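Indexing begins at 1, ligand by ligand and atom by atom, following the structure's order. Numbers here are sequence positions counted from 1. Keep in mind that what you see is a predicted model, and the values were worked out from it rather than measured.
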Amino acid sequence: MRTPSLDIQYKTPDQLIKMREAGLVVAAALARLREAVAPGLSTADLDGVAEAVIREAGGLPSFKGYHGYPATICASVNEQIVHAIPSARQVLREGDVISLDCGAIVDGWHGDAAITVGVGEIDPRLSRMITVAEDAMWAGIAAGARSLLTGRGRLTDISYAVEGAIRAGGRYGIVRGYGGHGIGTEMHQDPHVLNYGKPGRGPRLVPGLALAIEPMLTLGSPDTVELADGWTVITRDRSVAVHVEHTVTFFDDGVWVTTAEDGGRRRLGDLVTAKTGVRSS
Ligand code: MF3
Ligand code: CO
């Protein structure tokens, strides 16, 4: 089978560094949302918080108006996996888990990231699934960085590492119909980044890439259903899902996670580029 040709936007180091500004705005919005999440709050309330943070920081909410999407964040609760539209009628309750997905544009460049958090006290099985999703995302990012540094790496080295970390973490469903993506002057660019599969396939991992890496896990079957609103994606078996995401930029000496406050330093160590001036500190 022939691979259809991909339209990948390769960035200069200066452009990748520029993407950090949008990434930090997204990081700030998600940090504020993480603190705000509490029983009794609606997902529309959270949307307002995120929009205020983004605009005060001088950014634009990238989701708003994207193919008609009406809000600043996606707020996906429990069996909702991704792309759930915030609503005043969706009120958080103790024990819920919520994926908060947020994107911003600064000077034309995008950042895109998501966290999953518990509302009050949650079932330990759910906290465990959140940890596995985070570990899998960072395993994918680290694998991408290591592959990049060999000079022979390919995109699905990331996919393979994400899947491996999820399987090592327990018996979870791995959502197949949605995944990560290239990002730059548009939120969604080529290539699509699968969260499973064999390594060594797809485009080469080279400096200039910017990728959003976003695993989605379920407690049950990975099968999905899109609701009649045209956006919300839920698990077919209504099992709880989690979703986390970071935007990662690729330099010749490592990677920089634009949407992580520390650029990924704590999780990645020396796999982080020195080009941003952070490694030596
Ligand atoms: N981070 C989400 C993704 O990559 C973007 C949500 S799509 C929007 O799929 F329409 F809600 F903006
Ligand atoms: Co994304």
**Message:** Looking at R154, I'd like to know if its CZ atom is crowded, meaning that more than 12 non-hydrogen atoms belonging to other residues, nucleotides or ligands lie closer than 6.0 Å.
**Reply:** yes
**Prompt:** When you measure from the Co ion (ligand 2) to each N, O or S atom of E245, which atom gives the shortest distance?
**Reply:** OE2
**Complete:** Closest to atom 11 (F) of ligand 1 by heavy-atom distance, out of S62, P61, C74, is C74
**Message:** Regarding ligand 1, does D112 bring an N or O atom to under 3.5 Å of one of the ligand's N or O atoms?
**Reply:** yes
**Fill in**
Output for pair (L148 CG, I158 CD1), nearest 0.5 Å, gives 9.0 Å
**Message:** Return the closest protein heavy atom for atom 2 (C) of ligand 1 as residue, atom name and distance.
**Reply:** D101 OD2, 3.1 Å
**Request:** Tell me, please: is H188 in heavy-atom contact with ligand 1, that is, under 4.0 Å?
**Result:** yes
**Fill in**
the Co ion (ligand 2) -> E214, closest N, O or S atom is OE2
**Request:** Using a 4.5 Å cut-off on heavy atoms from C-beta on, say whether the side chain of V117 contacts that of I122.
**Result:** no
**atom 9 (O) of ligand 1: the protein heavy-atom neighbour that sits closest, reported with distance to 0.1 Å** = H83 NE2, 2.8 Å
**Asked** Is it the side chain (CB and beyond), the backbone, both or neither of M187 that lies under 4.0 Å from ligand 1, heavy atoms counted?
**Response** side chain
**Item:** Atom nearest to the Co ion (ligand 2) - D112, N, O or S atoms considered
**Value:** OD2
**Asked** Do ligand 1 and Y66 have nitrogen or oxygen atoms that lie under 3.5 Å from each other?
**Response** no
**Request:** Just jot down the ligand 1 atoms closer than 4.0 angstrom to any heavy atom of H181, in number order.
**Result:** 4 (O)
**Prompt:** Between atom CZ of F250 and atom NZ of K11, what is the distance when rounded to the nearest 0.5 Å?
**Reply:** 10.5 Å
**Item:** Proximity to ligand 1 by part of W231, non-hydrogen separation under 4.0 Å
**Value:** side chain
**Message:** Working to the nearest 0.5 angstrom, can you tell me the gap between S62 OG and D112 CG?
**Reply:** 6.5 Å
**Prompt:** Do H243 and Y178 pass the ring-ring contact (aromatic ring centres under 6.0 Å, His included) test, and can you show the C-alpha distance, the side-chain angles, and the key distance before you say yes or no?
**Reply:** CA-CA 11 Å; H243 165 232; Y178 301 85; 9.7 Å; no
**Message:** Heavy-atom distances under 4.0 Å decide this one: backbone, side chain, both or neither, for F63 against ligand 1?
**Reply:** both
**Request:** Would you check whether H67 reaches within less than 4.0 Å of ligand 1, judged by its heavy atoms?
**Result:** no
**Asked** Is it true that H192 and H181 have ring centroids separated by less than 6.0 Å?
**Response** no
**Asked** Any chance OH of Y160 has more than 12 other-residue heavy atoms, nucleotides or ligands included, within less than 6.0 Å?
**Response** no
